[in-house]
Amino acid sequence: MRQGLLQLSAMSETPRPLPPLTPATLYLVATPIGNLEDITLRALRTLRECDVIAAEDTRRTGQLLQHFGLSKPLLSYFRFNEARRGEEIIGRLQRGEKVALVTDAGTPGISDPGERVVKAARLAGFRVEPVPGPCALVAALTASGLPTEEFHFAGFLPVKSGQRRRRLEALRATAGTLAFYESPYRIGKLLGELHEIFPGATVVLARELTKKFEEFLRGTPAELLAVVAKRSLKGEFVVLVERGEKTI
Ligand code: SAM
């Protein structure tokens with residue numbers, strides 16, 4: 001069965017051939033956040049059939065393509081050339097090209113380049129299609145054991161202490177589980193700040209998701225501060241915070 005070319009009909013569950021990619025469309029293709037088995041069949045088909053791939057890191061995407069036996073022209077699209085490359089991508093859409101956008105890992109547009117070109121493509125009247133898949137936020141939240149019904153994703157906090165503090169203070173007014181992306185170098189700093197602002201909170205550190213050393217560490221900010229004082233925690237982190245009743 002050529003699975004990559006089939007889709008299930010909602011009514012009958014009878015597989016039917018998928019139509020080819022649509023010209024003049026921007027495809028947002030999610031890619032694995034660690035485990036290459038997490039690529040979807042549709043992501044592979046989109047990367048195979050598009051005209052060009054706009055990639056945050058062409059070297060990294062080149063390796064991904066090579067792993068899956070694919071080869072495609074790559075266009076670098078990252079934070080510091082977003083404006084210029086965005087125009088180029090719109091130009092390609094105007095010429096009817098099928099453009100796939102991928103970032104280093106996960107879903108493009110979540111704390112990485114993507115938002116700007118999606119907005120530009122929409123404003124110019126082009127079709128934008130998500131090709132959903134891995135996202136560190138969703139993987140961490142859903143497996144954390146913390147409430148998922150309502151959550152507030154705050155992305156990366158600013159680096160400067162005063163700005164971080166103000167952002168965290170402002171989050172007091174939000175409801176639901178808080179979710180952050182954070183660099184491994186600032187995990188201790190963030191736990192210290194959470195200890196000051198939400199001392200009774202339950203925090204989950206979701207580390208190295210889908211990778212060999214994946215782990216979920218759970219405790220109050222003080223308990224987790226004690227853990228990071230003993231172990232140097234490396235890798236990638238999503239930090240989740242359930243504030244409960246005990247916030248000050
Ligand atoms: N767009 C991506 C997504 O959909 O998850 C996120 C991109 S953002 C530049 C990278 C951050 O996501 C990392 O610093 C980390 O906070 C989080 N992240 C990415 N992969 C992860 C993983 N395997 N485990 C834990 N966190 C991860």
Side-chain angles (χ1 to χ4, degrees), residues 26-40 42-43 46-47 53-61 63-64 67 76-82 85-86 100-119 128-146 148 151-159 164 167-168 171 177-191 193-194 203-218 224 227-228 231-241:
L26 177 64
Y27 290 88
L28 294 186
V29 182
T31 56
I33 57 170
N35 186 332
L36 290 175
E37 284 188 279
D38 291 335
I39 192 101
T40 68
R42 192 163 161 239
T46 307
L47 296 176
I53 301 173
E56 186 180 7
D57 179 341
T58 51
R59 200 174 134 263
R60 195 165 161 154
T61 300
Q63 288 166 348
L64 182 82
H67 179 86
S76 91
Y77 177 81
F78 56 92
R79 196 150 68 92
F80 299 107
N81 71 5
E82 254 183 316
R85 288 297 196 187
L101 175 70
V102 302
T103 49
D104 284 357
T107 301
I110 300 295
S111 296
D112 57 21
E115 187 182 325
R116 191 168 179 156
V117 69
V118 168
K119 194 171 176 184
V128 179
E129 263 192 43
V131 181
C135 175
L137 162 67
V138 176
L141 178 69
T142 50
S144 68
L146 298 184
T148 59
F151 64 90
H152 182 101
F153 176 55
F156 287 100
L157 288 171
V159 175
R164 287 169 73 86
R167 282 282 298 279
L168 284 168
L171 289 173
T177 300
L178 295 177
F180 304 92
Y181 285 164
E182 187 55 285
S183 146
Y185 306 108
R186 285 188 284 275
I187 284 295
K189 182 176 170 92
L190 178 56
L191 288 170
E193 291 158 340
L194 292 173
V203 176
V204 172
L205 301 181
R207 186 173 86 88
E208 292 288 87
L209 293 164
T210 78
K211 301 184 198 175
K212 186 173 175 189
F213 297 108
E214 172 182 288
E215 67 177 337
F216 287 81
L217 295 159
R218 185 188 180 98
L224 291 175
V227 173
V228 300
R231 288 174 59 189
S232 89
L233 294 177
K234 298 197 177 100
E236 297 193 280
F237 288 85
V238 182
V239 180
L240 301 152
V241 183

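For ligands, and for the atoms within them, numbers begin at 1 and follow the listed sequence. No experiment lies behind these values; they were computed from the predicted model shown.
Under 4.0 Å from ligand 1, the heavy atoms of Ala206 that appear belong solely to its backbone. With a heavy-atom cut-off of 4.0 Å, Phe237 touches ligand 1 through its backbone alone.
Counting only heavy atoms of the protein, atom 3 (C) of ligand 1 lies nearest to Tyr181 OH, 3.5 Å. Nearest to atom 18 (N) of ligand 1 among the protein's heavy atoms is Ala136 CB, 3.4 Å. Protein heavy atom in closest approach to atom 20 (N) of ligand 1: Glu236 OE1, 3.3 Å.
Leu233 places a side-chain heavy atom less than 4.5 Å from the side chain of Leu217. Under the 4.5 Å side-chain criterion, counting only non-hydrogen atoms from C-beta, Glu56 is not in contact with Tyr77.
Between Ala154 and Leu171, the shortest heavy-atom contact is CB-CD1, 4.0 Å. Nearest heavy-atom pair, Gly86 versus Val117, reported as atom, atom and distance to 0.1 Å: CA-CG2, 4.2 Å. Across Phe156 and Arg167, no two heavy atoms sit closer than the pair O-NH1, 4.2 Å. Nearest heavy-atom pair, Pro32 versus Ala105, reported as atom, atom and distance to 0.1 Å: O-CB, 3.5 Å.
Close contacts of ligand 1 with Lys211, meaning ligand atoms under 4.0 Å from a residue heavy atom, involve 23 (N). Below 4.0 Å from some heavy atom of Asp112 lie the following atoms of ligand 1, by number and element: 1 (N), 2 (C), 7 (C). Residue Thr107 approaches ligand 1 through these ligand atoms, each under 4.0 Å from one of its heavy atoms: 1 (N), 3 (C), 4 (O). Taking every heavy atom of Glu182 and a limit of under 4.0 angstrom, the matching atoms of ligand 1 come to 16 (O). Close contacts between ligand 1 and Gly106 involve ligand atoms 3 (C), 4 (O) [criterion: under 4.0 Å to a heavy atom].
The N/O atoms of Cys135, backbone and side chain alike, include none that comes under 3.5 Å of an N/O atom in ligand 1. Backbone and side-chain nitrogen or oxygen atoms of Gly34 are examined, and none is located within less than 3.5 angstrom of a nitrogen or oxygen of ligand 1.
Ion pair Arg164/Glu182 flagged as a salt bridge, since at least one NZ, NE, NH1 or NH2 atom sits closer than 4.0 Å to an Asp/Glu carboxylate oxygen.
Judged by distance alone, with hydrogens and angles left aside, the side-chain atoms of Arg85 form no donor-acceptor pair with the main-chain N or O of Phe78 at under 3.5 Å.
Selection from Val239, Val138, Leu209 by nearest heavy atom to atom 24 (N) of ligand 1 gives Leu209. Of the candidates Gly109, Ser111, Ala105, Pro108, it is Ser111 that places a heavy atom closest to atom 8 (S) of ligand 1.
Aromatic ring centres of Tyr181 and Phe153: separated by under 6.0 Å.
Partner Leu146 forms a side chain to side chain contact (heavy atoms under 4.5 Å, CB included) with one of Leu178, Val204, Val203 and no other, that one being Val204.
Assignment of Phe156 to the shell around ligand 1 is supported, since a heavy atom sits closer than 4.0 Å.
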